[in-house]
Amino acid sequence: MSLSTWLAFFAASWAISFSPGPGAISAMASGMRHGFRRGYWTTIGLQIGLLIQFLVVAVGLGALLAASETAFGIIKWLGVAYLIYLGWCQFRTDAAPVAVASGQQPHVRVRELVARGILINITNPKGTVFLLAVVPQFLNLSKPLALQYGIIAATLCFTDLVAMGCYTTLASRMLKVFRSPRHVRWLNRGFGALFILAGTVLASFSHHR
């Protein structure tokens with residue numbers, strides 16, 4: 001991969017990473033509820049999920065999702081159901097995030113936050129199909145592909161770690177502004193609605209796009 005090709009992908013990666021989607025919503029919801037230090041574990045899970053998606057694309061299984069209505073539909077509706085479930089849970093959450101601002105961490109296991117991030121990405125076939133469409137544009141087929149895949153995956157994970165970190169930080173800062181239970185309750189409802197909206201948008205996504 002030439003330097004100019006990598007720089008082009010590096011620039012594209014920032015736009016990809018900062019584009020709003022289920023990952024960004026999840027990072028913000030986690031930061032709002034758990035603060036940055038603990039909430040960032042959701043981002044770690046998102047990156048693991050992203051790497052799994054990338055591996056799927058690299059071994060060619062992404063083509064199956066792009067070509068098969070059945071395979072795509074199963075993954076898509078699992079993702080829709082999971083996002084709506086997260087939205088409902090977030091919507092019903094009371095003012096627990098205030099505990100973070102006062103130094104009392106809510107009881108949540110790190111592995112649960114990581115697992116949530118993984119599930120959000122691997123149940124989003126739109127991400128897999130998107131990678132399938134974008135990644136080949138930056139590959140030099142006359143050169144070894146393994147190293148190129150590694151460079152692309154590392155670049156995308158780096159920009160996504162920074163982008164999701166920004167979203168998590170932004171949301172965690174809200175805890176210092178919105179301290180009353182009523183304010184935080186409405187924030188929870190807002191993020192819950194965004195999860196449900198993301199699920200609705202995913203439901204309308206077709207593998208022909």
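This is a predicted model, so every value here is computed, not measured. These values consider heavy atoms only, across backbone and side chains, with no hydrogens, waters or symmetry-generated copies.
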Would you name the heavy atoms of L119 and T123 that are closest together and state the gap between them? O-OG1, 2.5 Å

Evaluation steps, side-chain contact (heavy atoms from CB on, under 4.5 Å), between L50 and L46: CA-CA 6 Å; L50 177 62; L46 289 171; over 6 Å; no

Reported CE-to-CD1 distance for the pair M164 and I44, which is rounded to 0.5 angstrom: 12.0 Å

C157 side, atom SG; I152 side, atom CD1 - distance, nearest 0.5 Å: 12.0 Å

S172 side chain to T169 main-chain N or O, any donor-acceptor pair under 3.5 Å? yes

Are the side chains of F18 and T159 in touch, meaning some heavy atoms are under 4.5 Å apart? no

Within-4.5 Å side-chain heavy-atom neighbours: S17 and L156: yes

Y149, L51: one ILVMFWY side-chain cluster at the under-4.5 Å cut-off? no

Over all heavy atoms of both residues, which pair between Y167 and A24 is shortest? Give the atoms and the distance, please. CE1-CB, 3.5 Å

Under a 4.5 Å cut-off applied to non-hydrogen side-chain atoms, are I151 and L147 in contact? yes

Not counting sequence neighbours, which residues clear ring pair (Phe, Tyr, Trp, His ring centres under 6.0 Å) with F10? List them please. W6, W14

Once you round to the nearest 0.5 Å, how far does CG of D160 lie from OG1 of T155? 12.0 Å

List in chain and number order the residues that pass side chain to side chain contact (heavy atoms under 4.5 Å, CB included) with L113, two or more places apart in sequence or in another chain; answer none if no residue qualifies. S30, H34, R38, W41, T42, V108

On a heavy-atom basis, which atom in I84 and which in I196 lie closest, and how many Å separate them? O-CG1, 4.1 Å

Within the 3.5 Å criterion, strictly below it, is a donor on N121 or Q53 matched to an acceptor on the partner's side chain? no

T168 and G31 have their tightest heavy-atom pair at CG2-CA, 3.6 Å

Can you list everything that forms a side chain to side chain contact (heavy atoms under 4.5 Å, CB included) with S4? Sequence neighbours excluded, please. S2

Work out which heavy atom in I120 is nearest to a heavy atom in S26; give both atom names and the distance. CD1-OG, 3.1 Å

